[in-house]
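Notes follow once the structure below has been shown.
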Amino acid sequence: MKKIFLCFFFSVFTLITFSQKADQPADNAWESIYRGSSPKINDLVHTRLAVNFDFDKQWMNGEEWVTLQPHFYPTDSLTLDAKGMEIKKIALIKGKSELPLQFSYDSMQLRITLDKTYKRNEKYTIYISYISKPNELKLEGSSAITEAKGLYFINPKGETDVHTEIWTQGETESNSAWFPTIDKPNQKTTQEIYMTVPSKYVTLSNGLLVNQKKNADGTRTDYWKMDLPNSPYLFFMGIGDYVIVKDKYKKMDVNYYVEKEYAPVAKKIFGETPAMIAFYEKITGVPYVWPKYDQIVGREYVSGAMENTTATLHQDGAYQNARQLVDGNAWESVIAHELFHHWFGDLVTTESWSNITLNESFANYSEYLWDEYRHGKDAADDHAYEDMQGYLMSKSDDKALVRFHYKNKEDVFDAVSYNKGGRILNMLRNYVGDSAFFKSLNRYLTLHKFQSAEAQQLRLAFEEVTGQDLNWFWNQWYYGSGQPTLDINYNYDNGKARVIVDQTQATGKIFKLPVAIDVYSEGAHKKRYQVWLENKSDTFYFASDKKPSFINVDADKVLLAIKTDHKSAEEFEQQYKYAPNYLDRREALEYFADNKLSTLSIGLNDKYSGLRLFTLEKLEEASSFHVPSVLSIIERMADKDPDKKVQAKALELLAKLADNKYQPLFEKYINDSSYSVSGAALLGLTNLEPSQAYTLAKKYSNDALGKLGEVVAEIISKNGSEDDFNFLLTQFKNEPFSENKIKSAFTFARYLLKIKNTDNIRKGVDEIMKVRNQVPDQYKEFIDPGFKQAFNMMSNVQMTNGNSELANYIKGLLK
Ligand SMILES: [Zn+2]
């Protein structure tokens, strides 16, 4: 699964959150509960389903034939997860007849008494007739849940303009809301699904579409079959009026299910998939085992994306038009992530949610591997650094990667399992070397294919390949928590260079870290030393005739650590010039920026676009781009930089100067294919002519997404009237869910404060509430204070205007 991590909340809302948290009584009972893997009493063998849908009631009528066998010990009973269903009939299949079975049901689990005691390897098949009612599903008496319904009907009656769809979301244990099963990741089953749908719709499921049959009543039954075992949480159904854009990897079908409007760009969005399959096959040495690979986009999807076996579901953030794609494919990493799960997650599956690192850390790291291969090491390191910051900001120092204690199983899908886990794999790769790393992955995948595994089995595969005992690494990084805080100092005397590294983390725990140190004597000339950090303070001496020009600790820049590196400006200049990695250069630029040094501008000529962008941002923060020598470089970048985002940022800086000499430049780029570039140009023009801002924004509002959309919406919200409501609502609705959309919610809320039409205000508020509800549960405590404040302000305005009903409605949205 790809979660959306919303980092900025931590900075914006930290204060509010801390004061709130203090008021709540502590519920720490979960800390003493060990979450191991689920015991296997019966094993799933095969699951056959026949389903049809009641779009009006949002129900699914289901029939299931599930085949099982005792795992080891004989048993005369079977417990199946079946959430919120109406159970009509349960029977044992005996040849051609059915033998009704006794059962009890508590709306969560079915407890079935079998007709006799079954022994190991003795298979039996149970027939269940049922109705799945996902919208009536209640968990332990709580109110209806939004995030674990399993089966989702989107605009089923066609009452709104949202694309009508049905899709499912299984992870963690929600697929048992649409078919009775043993809903645990350590179970695997082959499957068949017969889906009967109105014939105007296409269907998607796991495995191959074997045949389609037209029915007399205007429906069609599609028969999907998956011959390879996979876990119940990976089962999927998708239904809707999609266009299927066909692609191939060798002879295998690789298809993209998109709404009609996106069919022309589907290959621009998803078209790297075959190359990704080839790449992942090559590095793991394990072929893609599944019979096909499809990807589908779901509206109002509750997560980022999900790796259902051969049928990945993406949220609508995947939808990007041709102009958005000019700025780069924002969804490429997610596509890579879900695909790599088809090795780590779908082929070898975590045995428990506690071991989710075996799925998610690899999927996270696959983003790095793909970036490195396709876009170069700088781009991959940039992505990794952002991920590391995301982890550090999440303040998860007390959470181990393998998590045997958690409150809710959804909690393990966090920045530790994803961001930190990915960095740990990168350190492991650096330590054992590329060849051993990928051989070990191959060993692990080969040994455990079509089975579940735990983190120790990964260690054993690495030990087998490398011949090294790796308990220290696993104990420290997989079963231990936190990360080192390093303080690095240097000095030189009597032909000896000295490096002192202190571990200053507050926990007092000392990390054992293999580290490369490069000692630079002149220019790029360097000598490498491999050392171990393993004490609270470690000192290393290097013989050197003269003072080294600089010393690079963690020369490969792989450590997961918080670091203070006491270098001089001259040493950082040398580091920028001669050390090879992205982070070497970024650290130097950060030092120049923090110390307000003019040397910062060397970053404007960096070979990597991300560092040129970073430098522009730092110059903007410091308002130090007016110097003629710097300005002339920015002017050139605003016209010529090959990267659209860099060019846009340069234009944005020039826009701030409101200097008429840039008018021709802004006019040249106002119609650029990139929304970022045209948005920045529009900002430039409106800054030159504020009285024309509204007219200009209206002029470009017909096709305005991304940065251009933001600029247009901001201007129209500020200067517009009641008449602009529909435009602003649509603009807001069409923005895919992201951190930016949450910011847009507040811009939109400010506009709603100004208008009078109560119907519009209600519509607007409802749309804002929808965005709030899309925020994953674990972040709601961070964003709710902001939303509450906005709603209170709106409610107060309506109260003053005498609309008490609307005022109370708005106030009541977030109690
Ligand atoms: Zn994932």
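Both ligands and their constituent atoms are indexed starting at 1 by order of listing. Values below: every heavy atom of this structure, side chains too, minus hydrogens, waters and symmetry copies. Predicted, not measured: the structure shown is a model, and the values here were computed from it.
Using the six-membered ring where Trp is involved, His405 and Tyr34 have ring planes that are perpendicular, over 60° apart on the 30 and 60° scheme. Using a 30° and 60° split on the angle between ring planes, Trp474 and Tyr478 fall in the parallel class, below 30°.
Metal site remark for the Zn ion (ligand 1): Glu360 contributes an N, O or S atom at a distance under 2.8 Å. Taking 2.8 Å as the threshold, Met306 does not count as a candidate ligand of the Zn ion (ligand 1), since none of its N, O or S atoms lies below it.
Of the angles at the Zn ion (ligand 1), the one spanning NE2 of His337 and N of Met1 is 140° when given to 10°.
A salt bridge does not link Lys780 to Asp784: none of the charged side-chain nitrogens sits closer than 4.0 Å to a carboxylate oxygen.
If you look at Tyr293 and Tyr249, their ring centroids are not closer than 6.0 Å.
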